[in-house]
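Everything below concerns the one structure shown next.
As the structure lists them, so they are numbered: ligands from 1, and atoms in each ligand from 1. If you read the sequence from its start, that first residue is 1, and numbering goes on from there. Please read these numbers as outputs of a predicted model, since none were measured by experiment. When reading the values below, keep in mind they use all heavy atoms of this one structure, side chains included, and skip hydrogens, waters and symmetry mates.
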Amino acid sequence: MTQSKQPAVLRVAAPVPLRRPFDYLAPEGQNPDSLSPGVRLRVPFGKREITAILLEVALEASVDVKQLRPALTVLDDEPVLSPSIIALCKWSSEYYQHPLGEVFSAAIPKALREGRGLSETHWRLTTRGKGLPDGALSRAKSQAKALTLLQTGEQLPVTLKAAGVSSAVLRELASKDLIERCRVSTGLPSAALKEEGPPLGEEQATAVAAVKWDSFSCHLLQGVTGSGKTEVYLRLIANCLARGEQALVLIPEIGLTPQTVERFEARFQAPVAVLHSGLSDRQRFAAWQAAQSGTAGIVLGTRSAIFTPLARPGLIIVDEEHDGSYKQQDGFRYAARDVAVKRAQLEGCPVMLGSATPSLESLENARRERYQHHFLRGRQGGGELPMLQTVDLRGLQLNAGISDYLMAAIRETVEVHKRQALLFLNRRGFAPTLQCHSCGWVAGCDHCDARLTVHLRKRCLRCHHCAAQRALPPQCPDCGGTSLLTHGLGTEQTEDFLRKVLHCPVHRVDSDAMRGVDAMQSLLEVAQSEEPCVILGTQMLTKGHHFPAVQLVGVIDADALLYSADFRGEERMAQLVVQVAGRAGRESAGGRVLIQTHYPDDPLFGALRDGHFEAITSSLLQKRQSARLPPYGQLMLLRSDSRNEGDGEAFLRTVYREARQHLPNDCQLIGPLPSAMPRRAGRFRWQLWCLAASRRSAMAAARLLVERAEKLKKPRELSWFIDVDPSDVL
Ligand code: ADP
Ligand code: ZN
Ligand code: ZN
């Protein structure tokens, strides 16, 4: 029998590391035209069976139809992903040159990738349940809790379970005719407020009023910590909920979720669906479904939450938009802030980026009027901005990195004023170098071009660039000498010193001391308690946490920040100083910031002293412009690492030769160059830079580089990847 017409083919994204879609025939007896993009299919793949997402029903196959295999089953009646999420994944795959199927994996929770079904039924209150007087079930706590949650709208069983309501409780309530099951949500989450919030200040009101609904616009909200940015977000979310739409809020850090959720829940009746990497698969699935089905009015999450589907998207907010953690550093290397802007464009909704220290990229977009720029210039409640002062370290005696001047300020803060002091030192461990006094031997990592850091608490040497760790040697491995010296400074050392000389608690905040969300939570309790103490930490401290009783902020080693091999070094340092300074005196008068440096005359410090973050950013923008670096050109790195020295350089050199003539005219290839740390974790690292004048040619160049690199026969033990808009070039 011959077929008169070519059958339509199902084009799918499969979770495999290949940069193309795959075609299948519809399953036996299924009309392909009845399928919508976004449904899941089980398909044969080699000898395996996998779950794929339908992208489109195509009229022509990309290979000979005779070779196509039929899909096995269709898993969903309704798409699990909306057309805008499918478009977002396609764009991200193209823009970041990452395999499509793996991009989709970022948008779909594990249970769905494994082929499990969505739970279709929700619970809702019956008429009787709605009429129940307040406090009627006060003796049955979990029943009362279930009813309270259901008062805000229909809920999925998984959401209720995550909130601690068991199926037994639900059955019990159902038997009393207080609740019932319903198929797929029809109701909107409640837009009711638990509390009104303060009347907005003029600048806040202007920012809120500038956000127009139902169409794409991008807003940059710039204001120091305490200037009322979060209040602007809350107001926008309230407006969004009142329109029956959902708000998606990104925050940089999982450690910030508890306090943000608390603040949101104090304002809104509707529950907040939370998505971050600390969740179990089950919790994640529950939050995802609440977002996708539309029952969650507010979806709050870290980086990867940007791919969460929303039934009725109305608003996207990216808090601390400059933060480096929005960039994923392995696998699918996307920048969630930039994906957020693209998403808002695809969804046709407003997006607001907020920060005290916006990235140069966003500032430039605002300057070109692609973004609307809103300022909040004062602090709420008239709180003074802290006074910023540099301490000239030249010739001064230092104890564990601390000058007498800073020490006196610490004492005054904790002993006289009974307030808190926050000290910033961006190096953990005791000291970054261990050296033999007899022969000069230095403890280095066997796998990296790096020194091992001395960790005295754990009595070990650790490499901060790979997993290497060994016991602290009792003597020099080269000459047997027993006099081993430490050089340089780390948080452990400064902590020991402060404990010795101060009569108040000293809390150390770094990734060694703070494992998990709980540790951060207990630190925040210390901060709220307002006991006089010193909080000493690394950049973990700079993230939006609220330290109301901090009156003094000390930056112990600003020079380490000033001189970086990365072209973003100065930008980071300025952001960091302004961010830590923002922790001071939000509620206590007369906050002070002391910056210890050997280079007090550096213009950067001058501008910071005068409180001119804008003066700094405009001078940094000028430098970038003359170097044609981002945001004036677009940067991509083709990076390689290999076990054998020389392989990476040779490989990238070949890519360079093959790609050069074919690149768009406004693109420039530079390299290959060794990385700032040429050997890391036993692998040699090289990079090829590509600078493009426009986004369009950047995308063309990225595609070309990847195509060429993929065609090359690569030595074994070499791997390569492209990093579009890299956040660091080290
Ligand atoms: P940011 O997010 O910029 O750090 P917040 O929104 O948290 O600032 O505001 C800082 C403090 O000021 C909070 O305690 C907040 O409740 C309060 N606040 C914000 N806006 C107002 C306002 N318009 N009137 C009174 N208090 C406000
Ligand atoms: Zn020695
Ligand atoms: Zn190492």
Sub-4.0 Å atoms of ligand 1 with respect to non-hydrogen atoms of [X]:
| X | result |
| --- | --- |
| Gly201 | 23 (N) |
| Gly226 | 1 (P), 3 (O), 4 (O), 8 (O), 10 (C) |
| Pro198 | 21 (C), 22 (C), 24 (N), 25 (C), 26 (N), 27 (C) |
| Thr225 | 4 (O) |
| Leu200 | 23 (N) |
| Val224 | 3 (O) |

Let me confirm one number: the [atom1]-[atom2] distance from [X] to [Y], rounded to the nearest 0.5 Å.
| X | Y | atom1 | atom2 | result |
| --- | --- | --- | --- | --- |
| Asp723 | Asp330 | CG | CG | 10.5 Å |
| Asp319 | Met352 | CG | CE | 11.0 Å |
| Leu200 | Thr206 | CG | OG1 | 9.5 Å |
| Arg333 | Ser727 | CZ | OG | 10.5 Å |

Looking only at heavy atoms, which two atoms of [X] and [Y] are closest? And how far apart?
| X | Y | value |
| --- | --- | --- |
| Trp686 | Pro672 | CZ3-O, 3.7 Å |
| Gly648 | Ser640 | CA-OG, 3.4 Å |
| Asp647 | Pro715 | OD2-CB, 3.7 Å |
| Ala676 | Pro678 | O-CD, 3.4 Å |

Next item on the list: Determine whether the side chain, the backbone, both or neither of Pro199 has a heavy atom under 4.0 Å from any heavy atom of ligand 1.
Entry: backbone
Margin query: Is the contact between Arg263 and ligand 1 made by the side chain, the backbone, both, or neither, using heavy atoms and a 4.0 Å cut-off?
Written below: side chain
Item checked: Between Gln222 and Ser362, a side-chain donor and acceptor under 3.5 Å -> no
Check: Can you tell me if Ser325 and Glu253 form a side-chain donor-acceptor pair at under 3.5 Å?
Finding: no
Next item on the list: Quick one: do His373 and Phe375 satisfy ring-ring contact (aromatic ring centres under 6.0 Å, His included)? Show the steps, please.
Entry: CA-CA 7 Å; His373 203 168; Phe375 291 92; 4.1 Å; yes
Notebook entry, point to check: Hey, is Lys458 close enough to Asp512 for a salt bridge, meaning N to O under 4.0 Å?
Noted result: no
Checklist line | Basic-acidic side-chain contact under 4.0 Å: Glu320, Arg337 | finding: no
Item checked: 4.0 Å heavy-atom contact, Gly223 with ligand 1 -> no
Notebook entry, point to check: Taking the six-membered ring for Trp, are His464 and His455 parallel (under 30°), tilted (30 to 60°) or perpendicular (over 60°)?
Noted result: perpendicular
Next item on the list: Return the set of protein N, O or S atoms whose distance to the Zn ion (ligand 2) is under 2.8 Å, each given as residue and atom.
Entry: Cys436 SG, Cys439 SG, Cys476 SG, Cys479 SG
Next item on the list: Spell out the protein N/O/S atoms under 2.8 Å from the Zn ion (ligand 3) as residue plus atom name.
Entry: Cys445 SG, Cys448 SG, Cys463 SG, Cys466 SG
